[in-house]
Every structure is written in C-alpha cells, then in structure tokens.
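The next block holds one structure in the form of structure tokens; read it before the comments.
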Amino acid sequence: MGIKNKYGFMAGFRENSGLMNPVIKLLLEGGGLSTAQMAQVLNLSEAEVNRQLEQLKKERILLGWRPVLNLSEEDTGVVRAVIEVRITPERGGGFNRLAERISRFDEVESCYLMSGGYDLLVFVSGSSLQKVAAFVSEKLSTVDGVLSTATHFMLRSYKEHGFLLDVKSEENSRLKVTP
Amino acid sequence: MDTTRFIARHVVNLPRSGIRDFFEIVAKMDDVISLGIGEPDFDTPWHIREAAIYALEKGKTHYTSNLGLIELRRAINRYLEKNFNLSYRPEDEILVTVGVSEALDIAFRALVNPGDAVMFHQPCYVSYHPSITLTHGVAVPVPTYAKDNFALTAEALASAWQPGCKLLVLNLPCNPTGGTCSRAQLEAIARFCVEKDLLVLSDEIYSELTFEGGHVSIACLPGMQERTVFLHGFSKAFAMTGWRIGYACGPAVLIEAMMKVHQYSMMCASIISQEGAIEALQRGADAMNAMREQYQRRRDFIVRRFNEIGLKCHLPRGSFYAFPDVSVTGMSEKDFAVGLLQAERVAMVPGTAFGGNGAGFCRACFATGYDQLIEAGTRIERYVQKLAAQSARAEGPQGDSPG
Ligand SMILES: Cc1ncc(COP(=O)(O)O)c(C=O)c1O
C-alpha cells in the first residue's frame, strides 16, 4: 500500500499552475477521482469532463493511464534496470533518431536525453534478469551508433510516481472534532 | 469528600466547550465523515519535518531565548515584510509562542485588568470568551451577520461598545464563519478603535488562506501598528497544528509585558518546532500555495453543494470553513447536527459552539479529501430531503393521502 504527498505530484508544475486546465490539476493531485467525481468537484457535466480528457489526448498532453503498482509486494517477478547509453549524434537530427529508435523497444519504459557523462538514460523492464541482460547485449548495444552501455539493476523501490511504498497511511490518528 | 470546593469560582463557572460535548458523541461512532475538524488534512510538508529531524540530529535540544530563536524572529520579520507589508524589530517586537493559543492567553493576561472589557466578534473561535473570563475581564461579544457574509462592521462595534472597553479581538478570516472584511470595512473599524482608544489583538492565523483578493492586516492601516498586537502561527497555512508554534508582534512595551508572562509560564517554545518554523517561512511557499489551491477547489464544491441542497451558505473568502444556514429545516443547529450524525454519520459542529450568534448555522470544515466531501454532500442531501418529507407529512393531508 502506498501513500502520496497529497498536495500534488509534480512539484515543478505548481509554479505556473495558474495556466493549467482544472481537469489536469485534479488528476495531478492524485486523488484517483472518477470522471463522475471530477465532474462534481468542478461543477461540470461528466460528458464535459470526458470531452476535455479527449481533447487533452488529442493534443497529446494526456498520453494515457497507467496504474502505479507496488511490484515488490505483488511479487510479479518484474526485473527493472536503468541503462546509461552513450551514442553518436548525427548531423541534422542530433540524438533524436537514435533515441526514438531505442524508445520503440517494448522493453523500454522511459528514455531521456541527459546532460553529463552519457547521452541517454533508458529505463527497461523484463520478466527475468537474463531477458533484460539479453536485451542490452543483443538489441541495445548492437544498434548502430550506440557507443557504450552501463546497466544498473534496480534492487528495491521506495517511491513510484509520487507514491511512497511500504508506508502505511496514518490518517486515523487525526481527531474527529477539533476547534 | 467534595473536592469541587477547591476549584476556583471563575473556573467552576466556565462552561465546557460545545465542541468537546460534540466530540464525545462523535468519538463513540465508527465510519463518520467528519467535517468537524479545525485543522488541515495534509501532513506537514516533508521538508519542514525533515528540517526538524535534522535539528534533533544536530543536538538542538536546549532551551532557547525566551523570545525565541533570533533566526526565527528574523525570518518572521522578513516573511511579514514580504507578505503582509508589516515590519517588526526581531530584537524586541517579536515573541515566539506555543501556538496562537498561548499568544492569546498571555496577551489577555498581560493586558486585562479585572473588570476591563474586551470586545470580540461572534460567532468566533471557542477560546476567546473563556480566556477573557479567566483573566477576570468582561467579555463583550459583537455580532456578525450572514447578510454581511459575517464581516465585522463598525456599526455593530459602535452599538456593542460600552465604557470600559479596552481591547478588540479580531479574527479575519474568521473561524467558524470564513468571514473577512474589505479594506474599507477595516478602515472604518480602525477609525473606531482610534476614536475609542482600543488596542487591537489581531488573530490572523487564517490569513494565508484568503482566496479572493489579498489579505489586509489591520496593523498596516495608518496609525494602527502602534495599537495592534498581531498574532499569527504555523498551524493552518503550513499544516503544523501539532507543532504548537506561533508568534506575537507589536510595540516593544507590549511584547515585553507579554514576554514576562511567557517567561514565567512557558519559558520558551519548543526548539524543534522553532527550527521547523524557520524552514516553513524560508522554503514553505510552494507547498502552502498548493494546499491553498486545493482548499479553494474544495470550498467551491462544498459551498455549491450546500446551496443546491437548500442550506444557504455564503462563499467564505478565507479559512477552510463553510458556515451553512440549517434553519430552513426547522430544527435548531444542535438538533440538526446530532440528527445528521445519527442518521447519516456526518459530523458538523453546531454554530452555537462558537457563541450565541451561531444559532441556526453549522460549521463544516472542508479540509478533507474530495471523495469524503462528495459523500458528505450526498448524505447531507439525503438527510435534508428526509426532513422535508417528514415535515410535509406532518403538515397534514394534502390531497393525495392514501385511502
Ligand atoms: C481563530 C483561531 N485562533 C487560534 C487558534 C489556535 O491556533 P494554534 O494552533 O496556533 O494555537 C485556532 C485553531 O483552531 C483558531 O481557529
């Protein structure tokens, strides 16, 4: 079971939050409200909330939905790793073509261009250590333009997408009536 | 043996808080959605908690200066300069206290002679009246009204005023009504205070939780800083109720007088809380703004729901309390609150817990999650509809009675 810092997920978003769509704000607060509940809170019809969500998807601001799981507890046997990748930039496209090519592998969960000692930081997952290792050695490092990889396996997760893992909610310690 | 006779007379006569009565009913029930809580549902932002942990690790476990850590007093001054347009000398015009609660207590003890009259607007925070009684002062409540959105008016002040009035306690935004005053209203109050030579005790604990238009402290108005003791704390805006930390600012002579009482009764506020408070003032703005934004959305929702349900409710400009009028149900606020609790397990505090002028109203704190607020709205609606159906039946046969 996880608990979340309830005043919003992405700290950086708060600053210019005045510009943000109220539906997005509610989503980022992470209360897990249904569209019907969001409609009630925002005084909109449920159809309007759905329309706005569709619009956000169309604008590719809202890309999709993912559950945030406590994988260690579920014991699903997923192995995850972070890989530092150095690649050769190309005239015209820079890092983009290679980054996109790497991103398209199913094993890749996220991929970022980084400043510093390497170029791409790639988050991958697989059903076993061998499978992840095989992905790195057979697919990733053999891509033309990949110069080197450094793979770090994740041992344990403490926080996922704003949710603390293994910290029980202590909400009931609040008194029910106070001045 | 009858030990009651050992109790001081003015304490025997002190009424129990209406909130405590209500709390005892609620405490025995399960699955209650409580809108009866006067504190944030958020835990203190982690960076503040972490700063306190760090302070403990560094051995910050000693008494501090009676006035409080000088770093904290400097941070308070910077914060007030930036956000309140107020400036106080950290060396002798700021006193760190154990919450606004202690600040109020020592202010009354330092300022009130037996028989001095103290004015305060009502409905109000539960501790004003008893604190005045405890210092043998005379409590002079000034009513505020729903028609003014519970703003205090100079007219109401003038009609409640009596010879011997020395202090005026202000609490804007107000617990339990969420009422605030416009600048013009404040100016009229300030003129009245100058005219009647009143000293103002301004409890501005909800000031950061002002949603529309900025908060104006009465201390900023011309000529008022010298006759205002400004009280503030960390409990509400920074979600730090359990830390017990606040402060009083004012003319050095008055702070020195309060400091004498503080020195002999409290010594100093907890150093750990003082360290947390420094962090809150220096780096707490982002988290505080994020919390305020959520309170505002919750307020808009719950106030709209109350009005839809038929319980007239003004939009509180500040605080995290809505104050709906439940008198349309034909019940007293107490019966309504107890009935709602028993029938639907939703707790709201009867308005009379905050003084006589709260009759007909209940306080609903919206510092709780949307799912709870939505469910509370549904339950209150069901209860109000049931009451309406009952009273329609009680009004006798209306044509379509069976048979
Ligand atoms: C108006 C008002 N003043 C003071 C207090 C007490 O604040 P503190 O926690 O700083 O003692 C409260 C708490 O509910 C309040 O509502």
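Note on naming: letters A, B, ... go to the chains in the order of the sequence lines (proteins, then strands), and numbering restarts at 1 for each one. Just so you know, these numbers use all the heavy atoms, side chains as well, and skip hydrogens, waters and symmetry mates.
- For Val349(B), the part sitting under 4.5 Å from any heavy atom of chain A is the side chain, from C-beta outward, and nothing else.
- For the set Phe301(B), Tyr125(B), Phe354(B), the count of heavy-atom pairs under 4.5 angstrom toward chain A peaks at Phe301(B).
- Looking at heavy atoms from C-beta onward, Gln40(A) lies in side-chain contact with Arg305(B) at the 4.5 angstrom threshold.
- Taking CG of Leu175(A) as the start and OG1 of Thr241(B) as the end, the distance is 9.0 Å to the nearest 0.5 Å.
- Heavy-atom distances place no part of Tyr295(B) under 4.5 Å from chain A, backbone and side chain included.
- Contact check for Arg298(B) versus Val41(A): no side-chain heavy atoms found under the 4.5 Å cut-off.
- Applying the 6.0 Å contact sphere to CZ of Arg60(A) captures no more than 12 heavy atoms from other residues, nucleotides or ligands.
- Contact annotation for Arg363(B): only side-chain heavy atoms (C-beta onward) come within less than 4.5 Å of a heavy atom of chain A.
- Counted within 6.0 Å of CG on Leu63(A), heavy atoms from surrounding residues, nucleotides or ligands total more than 12; the atom is thus considered enclosed.
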Could you go through Lys25(A) and Arg297(B), starting from their C-alpha distance and side-chain angles, then the distance that decides it, and tell me whether this counts as side-chain contact (heavy atoms from CB on, under 4.5 Å)? CA-CA 10 Å; Lys25(A) 284 192 194 167; Arg297(B) 256 197 301 284; 3.6 Å; yes
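- When atom types are taken as modelled, the side chain of Arg304(B) and the backbone of Leu42(A) share no donor-acceptor pair closer than 3.5 angstrom.
- In this structure, the portion of Asn175(B) lying under 4.5 Å from any heavy atom of chain A is its side chain and not its backbone.
- Looking only at distances, a side-chain donor or acceptor of Lys176(A) sits under 3.5 Å from a matching main-chain atom of Met29(B).
- Atom OG of residue Ser34(A) and atom CD1 of residue Ile374(B) lie 7.0 Å apart, to the nearest 0.5 angstrom.
- With hydrogens and angles disregarded, no donor-acceptor distance shorter than 3.5 Å links the side chain of Thr178(A) to the backbone of Ile37(B).
- Side-chain contact of Glu29(A) with Tyr370(B): a donor-acceptor pair under 3.5 Å is present, judged by distance alone.
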